[in-house]
Amino acid sequence: MARKLLRVTILEKVDTDYGEITVARVTKTGAVIYRQGNCHQSESDGKGVSLSSYIHALYGFLAQAGAQNVLLIGVGGGTLANMLSSEGARVTLVDINPVSFEVARLYFGLPDSLPRHVEDGLAFLKRGAAKFDAIVLDAYHASEIPEHLTTPEFFAEVKRRLTKTGLVLANVFIRNDEDA
């Protein structure tokens, strides 16, 4: 069976300390794609609404939980932040790569009004005391979550920063049922 090629226009390529970021527009649909290295990070309709089903799943969980004060660790294209903030949630963003914020603003409509912190997620959790209704972990280096963001120390800090009924969600790839 022949596969159709996806025709895209490269909008920007940026070398960063965390890998090359490529932003492209799909010719046929106008969708905007964010890739870092060989990994697909975000895709939107060009107006900031995600075309990724996992983002809509996270959004649905957060909406059902009534989360109004949300911390996102890992920004990518910022589509989850866009969707949450457009519904009135207070969203705080943390990403170690400053270029991610600029790409999210320029190509994915990330509002300038959202608090953003260029720093490691664990370091951010350790230095503050503010509580969140939900914390979402969606941070990757290449195709892996940075190891220190999977430790008991990290999750103890997450727990410390959650409200009493707070929710933690993580975007995790699992290879199979035996994947640790």
Checklist outcome for this item: Between the CD1 atom in Ile33 and the OG1 atom in Thr22, the distance rounded to the nearest 0.5 Å is 10.5 Å
Item to check | Steps toward salt bridge (Lys or Arg N to Asp or Glu O under 4.0 Å) verdict (Glu12, Arg25) | outcome: CA-CA 10 Å; Glu12 186 157 357; Arg25 184 175 311 280; over 6 Å; no
Checklist outcome for this item: Rounded to the nearest 0.5 angstrom, the OG1-CG distance for Thr163 and Asn69 is 8.5 Å
Checklist entry - Any side-chain heavy-atom pair from Leu137 and Val168 closer than 4.5 angstrom? => result no
Next on the checklist: For the CG atom of Asp95 and the NE2 atom of His117, what is their distance to the nearest 0.5 Å?
Outcome noted: 12.0 Å
Next on the checklist: Within this structure, what is the CD-OH distance for the pair Glu43 and Tyr34, rounded to the nearest 0.5 Å?
Outcome noted: 14.5 Å
Checklist entry - Is Arg116 salt-bridged to Glu102, going by a charged N under 4.0 Å from an acidic O? => result no
Checklist entry - Under 6.0 Å from the OH atom of Tyr54, do we count more than 12 heavy atoms belonging to anything else shown? => result yes
Checklist entry - Any side-chain heavy atom of Leu72 within less than 4.5 Å of one from Leu80? => result yes
Item to check | Salt-bridge criterion met for Glu20 and Arg35 (N-O under 4.0 Å) | outcome: no
Checklist entry - Do His56 side-chain atoms and Ser50 backbone N/O form a donor-acceptor pair below 3.5 Å? => result yes
Item to check | Tyr107 and Ser44: side chain donor to acceptor below 3.5 Å | outcome: no
Item to check | Sidechain-backbone polar pair: Lys131 side chain, Arg160 backbone, donor-acceptor under 3.5 Å | outcome: yes
Next on the checklist: Any side-chain to backbone donor/acceptor pair from Ser42 onto Gly77? Under 3.5 Å, distance only.
Outcome noted: yes
Checklist entry - With a cut-off of 6.0 Å (strictly less than), are more than 12 heavy atoms of other residues, nucleotides or ligands near CZ of Arg7? => result no
Checklist entry - Does the Asn82 side chain pair with the main chain of Val49, one donor and one acceptor, at a distance under 3.5 Å? => result no
